[in-house]
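Structure record follows, encoded as C-alpha cells.
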Amino acid sequence: MFENIIQNNGFNIALSGILVVFSGLTLIATTIHLFNKVFERLHRGATAESDTVLPKKAAAIPEDVLAAITVAIEIYRKIHFETLQSQITFIHGEQQSAWKSGYKYGQRLSTLRKQ
Amino acid sequence: MFENIIQNNGFNIALSGILVVFSGLTLIATTIHLFNKVFERLHRGATAESDTVLPKKAAAIPEDVLAAITVAIEIYRKIHFETLQSQITFIHGEQQSAWKSGYKYGQRLSTLRKQ
Amino acid sequence: MFENIIQNNGFNIALSGILVVFSGLTLIATTIHLFNKVFERLHRGATAESDTVLPKKAAAIPEDVLAAITVAIEIYRKIHFETLQSQITFIHGEQQSAWKSGYKYGQRLSTLRKQ
Amino acid sequence: MDMILRIIETTGFANLQWSNIIMIVVGCIAIYLAIVKNYEPLLLLPIGFGVIVGNIPYLQGLPIGVYDTVANGAPQNSVFSLIYWGVTSGIFPPLIFLGIGALTDFSSLISSPKSVLLGAAAQVGIFVTYLGALMLGFTNQEAASIGIIGGADGPTSIFLSSQLAPHLLGPIAIAAYSYMALVPLIQPPIMKLMTTLKERKIRMKPSRRVSKREKILFPIIVVIVAALIAPGSLPLIGMLMLGNLLKESGVTDRLAKTAGNALLDTCTILLSFAVGASTQAVRYVDGVNVGFLTPRSLGIFFLGLLSFGIATFGGLLFAKFMNLFLKDKINPLIGAAGVSAVPDSARVVQHFARKYDKDNHLLFHAMAPNVAGVIGSAIAAGVFIAIFR
Amino acid sequence: MDMILRIIETTGFANLQWSNIIMIVVGCIAIYLAIVKNYEPLLLLPIGFGVIVGNIPYLQGLPIGVYDTVANGAPQNSVFSLIYWGVTSGIFPPLIFLGIGALTDFSSLISSPKSVLLGAAAQVGIFVTYLGALMLGFTNQEAASIGIIGGADGPTSIFLSSQLAPHLLGPIAIAAYSYMALVPLIQPPIMKLMTTLKERKIRMKPSRRVSKREKILFPIIVVIVAALIAPGSLPLIGMLMLGNLLKESGVTDRLAKTAGNALLDTCTILLSFAVGASTQAVRYVDGVNVGFLTPRSLGIFFLGLLSFGIATFGGLLFAKFMNLFLKDKINPLIGAAGVSAVPDSARVVQHFARKYDKDNHLLFHAMAPNVAGVIGSAIAAGVFIAIFR
Amino acid sequence: MDMILRIIETTGFANLQWSNIIMIVVGCIAIYLAIVKNYEPLLLLPIGFGVIVGNIPYLQGLPIGVYDTVANGAPQNSVFSLIYWGVTSGIFPPLIFLGIGALTDFSSLISSPKSVLLGAAAQVGIFVTYLGALMLGFTNQEAASIGIIGGADGPTSIFLSSQLAPHLLGPIAIAAYSYMALVPLIQPPIMKLMTTLKERKIRMKPSRRVSKREKILFPIIVVIVAALIAPGSLPLIGMLMLGNLLKESGVTDRLAKTAGNALLDTCTILLSFAVGASTQAVRYVDGVNVGFLTPRSLGIFFLGLLSFGIATFGGLLFAKFMNLFLKDKINPLIGAAGVSAVPDSARVVQHFARKYDKDNHLLFHAMAPNVAGVIGSAIAAGVFIAIFR
Ligand code: NA
Ligand code: NA
Ligand code: NA
C-alpha cells in the first residue's frame with residue numbers, strides 16, 4: 001500500500017515540505033515582528049511631540065464638522081478617483097483601509113480617545 | 001459564366017448554407033418561445049400573490065417622492081459604480097435596461113397602471 | 001583614440017544624424033506653420049460674424065451664474081465620464097484642455113476681454 | 001557626403017510612389033468621415049490612421065510593416081506585425097465579440113422571437129454574393145470570405161477571412177467596415193424602393209417586458225443551439241454569449257464592465273489600426289503584386305456593395321412575405337435591420353420611418369432583427385468554416 | 001442533397017454523445033450555483049459557460065477547441081487554444097496574483113504575526129494529500145499538483161499543474177475552484193466537530209493599528225524571505241507582493257487600480273473560461289481516453305476534498321495547540337481560515353462564531369491566517385517546483 | 001536528512017552572493033526614492049521591485065528568471081521570460097507611446113512651432129555620446145543604443161536597444177529611467193552655469209489659443225513628415241500620434257481613455273518590472289559574465305550621464321543662439337526642456353525660473369520643446385535603426 005510512497009521518497013518530501021513552509025512563514029513573522037519593534041523604538045521620541053500638537057488641532061474642530069468634512073472628502077474621492085472595488089472588506093472597530101475616508105478621521109478620533 | 005460555380009458545387013453550398021442559417025435561427029426562436037411559455041405557466045401562481053402586495057406598497061409612496069428616490073439612487077449608482085457605456089440605447093415606452101434607474105421605477109408604475 | 005570612431009564612420013553618421021533630426025523637426029514646424037496661416041486666412045471671414053453674435057450671448061449671463069453652470073457641468077462630467085488622468089498639467093492664463101470645464105468658460109470670457 | 005546620400009536613400013521621400021500617396025489620401029478621407037460625418041468613428045479613425053502609417057514607404061529590410069515577420073524573411077518580427085498577428089490569428093474578433101456581448105441588450109429579440117427570421121433572411125446576401133464571387137473567378141474560400149461582407153459585421157468578416165483567405169484580409173476588412181459606416185447612405189434608397197407609403201407607416205405594438213430569468217437563459221440557449229447547428233461559429237457566438245451572460249447574470253458586473261470597456265477598446269484600437277496598416281498600396285510577393293491598389297480589391301469592393309444591397313433587399317422582402325401570414329402586421333422596414341451593423345441599421349430604420357410618421361418609434365422593434373443578424377452571420381461564417389477548412 | 005448530408009455531418013447533433021450532454025448539464029449547474037447561490041460567481045460562471053462550450057462536439061479537423069494547436073496536428077492554432085495558452089504557459093495565475101495583491105489589505109497579518117503559523121498549519125493538508133495521491137498510484141508530479149488543491153487557491157493550483165502535470169490541469173483547476181466555492185458547505189461541519197462551545201465563544205481583543213511604513217515594508221520583506229526559502233514560489237509571491245506594494249506605496253495608485261481591475265478581470269474571464277472549455281468529456285490521445293469524464297477525474301475530486309478537509313482540520317488543531325502556550329487565547333475557529341480561499345473562509349469563520357455569540361466579530365482576526373494561507377500554499381508550490389522540476 | 005539537505009540546496013540562502021545582496025539593496029533604494037522622494041514613482045517603484053526579484057538566487061535549471069527561455073536551454077519558458085518578451089520584442093514601448101499620446105496635449109508646440117528647434121538641439125547629446133561610446137570601444141549598434149539615453153525617453157531607449165543591442169537592454173533601460181528620475185538634480189546646475197541672471201528673468205508672452213482643427217491635423221502631419229524623414233521612427237511616432245488623434249478627434253473618447261489608462265498602466269507595470277528583473281548581478285553565458293554588476297554597466301551609466309548633460313547643454317545653448325535672431329526673445333531656460341523627460345524637465349524649468357522671478361510662469365512655454373524632444377529622439381532612434389539594421 002505504501003510502496004509507491006516509499007519508492008518516490010514521499011514521506012521525506014512531505015516532511016521536509018511542511019518544514020520549509022513552517023520555517024518560511026515563521027521567518028516572515030519574525031522579520032515583521034523585529035521590524036515592528038525597531039520602528040516602535042525609533043518612533044517613541046517622534047510621536048511624543050505629535051501627541052501634544054495633533055490633539056489640539058483635532059480638538060479645535062467640532063466632531064460634527066469633522067464628520068461633514070469627512071463625508072465631503074469621501075464624495076470628492078469617489079467622484080475624482082475610481083474606487084478600487086475591494087474584494088476584502090473588514091468590519092473592525094476603526095477602519096484601516098486607506099481607501100476609506102474613515103482612515104484619517106478615525107486616526108484623529110483615536111488620538112482624542114487615547115488622551 | 002456559371003462554370004466556376006458549378007465546378008465548385010456553389011449552388012448546393014449556397015442553398016444548404018441558407019438552409020442552415022434559417023434552421024439555426026428558427027431553432028433558437030422556437031426554444032426561446034418554448035421557454036417563455038413554460039415560465040409563464042410556472043409563474044402564473046407566483047405572480048398572483050405579488051399582484052396584491054406590491055401595488056399597495058407602491059401606491060403608498062407618492063410619485064414625486066418616488067422620483068426623488070430614483071434620482072438619488074441614480075446618482076448613488078453613478079458615483080459608486082461606473083456605468084457601462086452602453087453602445088445600444090433603446091427609446092421605448094418603459095426602459096428595460098437594469099443600468100438605468102428607470103427600471104425599478106418603471107416596473108412599479110406599470111403595476112399601478114395595470115390595476 | 002579616435003580610431004574606432006573613424007573606422008566606424010562615426011563622425012559622418014553623427015553629423016548626418018543631427019542633420020536629419022533638425023531637418024525633420026524643421027519640416028514639421030514649417031508644415032504646421034503653413035497650415036496655421038492657411039486656416040487663419042480661411043477663417044477670417046467666418047469669425048467676423050461670430051464676433052458680433054457670441055459676446056452678446058455671453059454678456060447676457062452674469063459671471064457668477066456662468067461660474068455656477070461651469071461647476072455643475074464639471075461635476076456632471078466627472079460623474080458621467082471618467083476623467084482622463086492627465087499626466088501633463090498646464091498652468092496657463094486660460095486653460096486649454098478640453099477635459100476641464102474652464103475651456104468653454106474661458107473661451108467666452110476671452111471673447112469678452114478682447115472687446 | 002556619401003553618408004548623407006545613404007541616409008537620404010533610407011528616407012521615405014526617396015521611395016514614395018503615387019500609389020502610396022493615393023492611399024494616404026484615402027486614409028485622410030476615412031479620418032475626415034469619422035470626425036466630421038461621425039461615420040463609425042471608433043473604427044474608421046484608427047483604420048484611416050493605419051492606412052496612412054501602412055503606406056509610408058521605407059527601405060526594404062527594415063522590420064517595420066505588418067508583413068515584416070521572420071517567416072517572411074525579415075530579420076525580426078516588427079512591432080506592427082506582432083499587433084497584426086492578433087488579426088491574422090483570429091483572436092481579436094472573438095474578444096471584440098466578448099465585449100459587444102457585455103454591452104448588448106437582447107431583450108427586443110427575446111420578446112419577439114419571430115423577428116429572428118428577418119435576421120436570417122438578410123443573410124441571403126452572403127450566399128448570393130458567394131456565388132457572384134465564384135463567377136468572377138475567386139476560389140471557394142475567397143468567395144466565402146467576400147460574401148460574408150454582406151453580413152455587415154466587421155469582426156465576423158475578419159474572423160472568416162483569417163481562417164479561409166488570409167491574403168484577402170485587408171480589402172475585405174476595409175470593405176466591411178466602410179460599408180458598415182455608410183449604412184445611412186446605402187440602405188435608405190433600397191428601403192424606399194421596396195416599401196409602399198402605407199407599409200412605412202405601420203405601427204407596431206409595444207413588446208412585452210422581458211424577465212431577468214429569460215435574459216440569463218438566452219445566451220446559454222443560443223450558444224448551445226447555434227454551436228450544435230454550426231460548430232464553426234463557436235469562437236464568435238461563444239464569446240458573444242459569454243459576454244452577454246456576464247452582463248445579465250447580475251453577479252459578475254465587474255467582469256462585464258472590463259470586457260465591455262478596457263478589453264473591447266484595446267482590441268478595437270489594435271485591430272482597426274493593424275487592418276488599416278495592412279493596406280500597402282503595392283506589395284510584391286514572389287514577383288506578383290498583392291498590394292491593396294489592384295483590380296482584385298476593386299472586385300472585392302464591388303461584390304461587397306452588392307452583398308450589402310442584397311442583404312438589405314432580402315430582409316425587406318422577407319418582412320413583406322411574413323406579413324402575408326401575420327395577424328399583427330410588422331413594419332417591413334425593420335427587415336432592413338437584419339443585416340446587423342448594430343445599432344446603425346436599426347437607427348436608420350427608426351429615422352426613415354419617422355420621416356413618414358414622426359411618432360412611429362421602430363428602434364426597439366428593429367433591434368430584434370438587428371441582433372439576430374449578428375447571430376445569423378456568425379452561423380453563416382460557421383457553415384463556411386465547416387465546409388471549406 | 002449530398003451537400004446537405006455533408007453539412008448535417010458537420011453539425012454537432014451528428015456527433016453529440018451522452019458524456020457531452022452530462023458535461024453540458026454540469027456546466028449549467030455551475031452557472032446556477034454562481035447566479036442563484038452566489039458561490040464565487042466571478043469564477044464559477046465563466047467556468048460553467050466554458051464547460052458548455054468545451055463539450056459541444058464538432059467534426060474532427062476543425063480548429064475550434066482548446067487542444068487544437070498546430071503542435072497537436074490541427075491546421076491552425078484555434079482561438080480557444082490561444083486563450084488556453086495563457087493557462088498552460090502559467091502566465092495568467094501570476095497576473096491574477098498581481099491584481100489580488102493590489103486589492104488585498106495585509107494589515108491583519110502585520111498586526112498579529114503569530115497568526116502566520118495558522119496559515120502554515122493548514123498547508124499540512126497539501127502534503128498529506130500528496131502522500132494519499134502517491135498511494136493511489138499517481139506520479140510524484142501528479143501527486144503534488146493534486147495535493148495543492150488543499151491550498152484552496154485556484155491560481156496556485158493552476159500554476160503548479162501547468163509546471164508539473166499539465167495533462168491534469170482541467171480536473172485540478174475545476175476541483176480547486178469548486179471546493180473554494182463550496183467552502184461555506186465544507187468547513188462548518190469540521191469546525192463544529194473540532195471546537196467546544198466555550199472555544200467558539202472566545203473573544204479576541206482588537207488588533208493594534210498598522211502604520212503606513214509597515215504596510216510598505218511588508219511586501220518587500222515577504223518577497224525576499226519567501227523567495228529565498230522557496231525560489232519556486234517567486235512568480236506567484238513576487239507578483240502578489242508587487243501588486244500589494246503598488247497599492248500601499250501611495251504613489252502608484254493608478255497602476256494599482258489597473259492591476260486590480262482591468263488586468264485582473266481580463267485574466268479572470270479568460271482563465272476561467274479556458275479552464276472550463278478544457279473539460280471535454282471524452283478526448284482520445286494516441287488511442288487513450290484522457291477526457292474529463294474518466295475515473296481519474298473522480299480520484300482527483302476525492303483527493304481534493306480530502307485535502308481541503310485535512311487543511312481545515314490542521315488549521316483548527318494547530319490553533320488549539322497554540323492556545324496551550326498563549327496568554328491571550330485565540331479563538332481556534334480562525335485556524336480554519338488558514339486554508340486561504342480569501343476572503344470566503346474568513347467570512348465563514350465570522351458567520352459561524354456569530355451563531356454562538358452574535359457580538360463576536362472574528363472577520364478581521366480571521367483575515368490574518370487567511371492571507372498567510374495564500375503565502376503558505378505559494379511556498380508549498382515553490383517547494384514542489386524546486387524538487388520535481 | 002538527505003532530502004532536507006537537498007531542499008536547503010534549492011533555497012536561495014545556499015546560492016546567495018554578495019553581488020546579489022548589493023543589487024537587492026539597490027532595488028530597495030530605488031523604491032525608497034520612488035516613495036519618499038517621489039522620483040518618477042510609476043517607473044522606479046516597479047523597477048526597484050523587479051531588481052529585488054531578479055536578484056534572488058535560485059538553483060540552475062528552475063525556469064524562473066527573465067532569461068530562462070527554451071531558446072536559452074530552460075525546460076520551459078518561465079513566466080517572467082514571457083513578460084520580458086514584451087520588452088525584447090519591442091512591443092511595450094510603442095503601446096506605452098500610444099497611451100502617452102492619448103494623455104499629451106501638444107497645444108504648446110502647435111502655438112509656437114519654432115520651439116521645435118530646441119527639441120532638435122537637445123538631441124545633439126545623443127550623437128555626441130554615440131561618438132564617446134565608440135571611443136570607449138563599443139560597437140556601432142551598442143554606441144547608438146547608449147547615446148539614445150540622452151534622449152531622456154525610457155520607451156525610446158528600450159525600443160532602440162531591443163532592435164540594435166538587446167544584450168545591453170538592462171543597463172541602458174535602468175540608466176535612462178534613473179536619469180529621467182534624477183532630472184531635478186541633474187539639470188539645475190547646468191542651467192545655472194549656462195544662463196545669466198537677466199536671461200533667467202525673461203518673460204515670454206502668452207501663446208495664442210490653438211483651434212480644435214489644428215490639434216486634429218497635428219498628429220497626422222507629424223506622422224507623415226517624421227516617418228518620411230526617418231521611417232525607423234514609425235513604430236514610436238506612429239503610435240504616439242495615433243493616441244493623440246484618438247484624444248483630440250473628440251469622437252473616440254472611450255478609445256483614448258482605455259489607451260491612456262488600462263493599456264498604458266498594464267504595459268508600464270510589466271515593462272518596468274521586467275526591466276528591473278533583467279538586472280541579475282552575475283550571469284554567465286558561454287563562460288563570460290554578462291551580468292549587471294560589470295564594468296560595462298558602469299561605462300554605460302557614465303556615458304548616459306554625459307549624454308544627458310550634453311543634451312541639456314545643447315538645448316540651452318541653442319536657445320541663446322536663437323535669441324540672436326528673434327525679436328521676441330525666448331527665455332533660454334526652456335531650451336533645457338528639449339531633452340524630453342515629459343513633463344519633469346518642463347517642471348524643473350518652471351521651478352528654476354520662479355526662483356528668480358516668482359511670477360514668471362514658463363511651464364506652458366517649456367512644454368513645447370519638451371514634447372518636441374520626444375519626437376526628436378524618436379527620429380534619432382529611427383535614423384540609427386535605418387543605418388545599423
Ligand atoms: Na449579419
Ligand atoms: Na492556502
Ligand atoms: Na528627447
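We name chains A, B, ... by the order of the sequence lines, and we start the count at 1 in each one.
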- d(F/Ile35 CD1, E/Thr252 OG1) to nearest 0.5 Å is 7.5 Å
- Query: Between F/Pro57 and E/Pro231, what is the shortest heavy-atom contact and its length?
  - Reply: O-CG, 3.9 Å
- Looking at E/Ala227, E/Gly250, E/Pro219, E/Gly232, which makes the most heavy-atom pairs under 4.5 Å with chain F? E/Ala227
- Query: Once you round to the nearest 0.5 Å, how far does CG of F/Asn20 lie from CG of E/Leu228?
  - Reply: 9.5 Å
- Non-hydrogen atoms of F/Phe49 and E/Gly238 that approach each other most closely: CE2-O, 3.2 Å
- Closest non-hydrogen atom pair, F/Pro46 against E/Leu242: CA-CD1, 4.2 Å
- With a 4.5 Å heavy-atom cut-off, do E/Leu263 and F/Asp265 have their side chains touching? no
- Item | Non-hydrogen side-chain atoms of F/Leu82 and E/Ser89 separated by less than 4.5 Å | yes
- Item | Exercise: identify the closest heavy-atom pair between E/Ile220 and F/Ile52 | CG2-CD1, 4.0 Å
- Message: As a quick check of understanding, evaluate side chain to side chain contact (heavy atoms under 4.5 Å, CB included) for F/Val79 and E/Phe159, giving each step before the final call.
- Response: CA-CA 10 Å; F/Val79 170; E/Phe159 183 72; 3.6 Å; yes
- Residue E/Thr88 versus chain F: region with a heavy atom under 4.5 Å: backbone
- Supply the atom-to-atom distance E/Ile91 CD1 to F/Trp85 CH2, rounded to the nearest 0.5 angstrom. 10.0 Å
- Item | Minimum heavy-atom distance F/Asn261-E/Thr258, with the two atoms named | O-OG1, 4.0 Å
- Query: Does the side chain of E/Arg254 reach to within under 4.5 Å of the side chain of F/Thr268, using non-hydrogen atoms?
  - Reply: no
- Message: So for E/Ser162, is it side chain, backbone, both, or neither that comes closer than 4.5 Å to the heavy atoms of chain F?
- Response: backbone
- Query: So, do F/Val53 and E/Met239 sit near enough that their side-chain heavy atoms are less than 4.5 Å apart?
  - Reply: no
- Message: With a 4.5 angstrom heavy-atom cut-off, is it the side chain or the backbone of E/Leu246 that approaches chain F, or both, or neither?
- Response: both
- Within-4.5 Å side-chain heavy-atom neighbours: F/Leu270 and E/Leu95: yes
- Does NE2 in F/His351 sit with more than 12 non-hydrogen atoms of other residues, nucleotides or ligands closer than 6.0 Å? no
- Using non-hydrogen atoms only, which part of F/Ala34 is less than 4.5 Å away from chain E: side chain, backbone, both, or neither? backbone
- Message: Applying side chain to side chain contact (heavy atoms under 4.5 Å, CB included) to F/Leu42 and E/Val251, what does each step give before you reach the verdict?
- Response: CA-CA 7 Å; F/Leu42 298 180; E/Val251 291; over 6 Å; no
- Message: For the CD1 atom of F/Ile64 and the CG atom of E/Leu234, what is their distance to the nearest 0.5 Å?
- Response: 6.0 Å
- Task: Let me know if E/Met241 has heavy atoms under 4.5 Å from chain F in its side chain, its backbone, both or neither.
- Result: both
- Note on the structure: Okay, E/Ile224 and chain F: the region with an atom under 4.5 Å from a heavy atom over there is both
- To the nearest 0.5 Å, atom OG of E/Ser249 lies from atom CG of F/Leu44 at 11.5 Å
- Message: Could you go through E/Ile216 and F/Tyr32, starting from their C-alpha distance and side-chain angles, then the distance that decides it, and tell me whether this counts as side chain to side chain contact (heavy atoms under 4.5 Å, CB included)?
- Response: CA-CA 10 Å; E/Ile216 291 174; F/Tyr32 174 84; over 6 Å; no
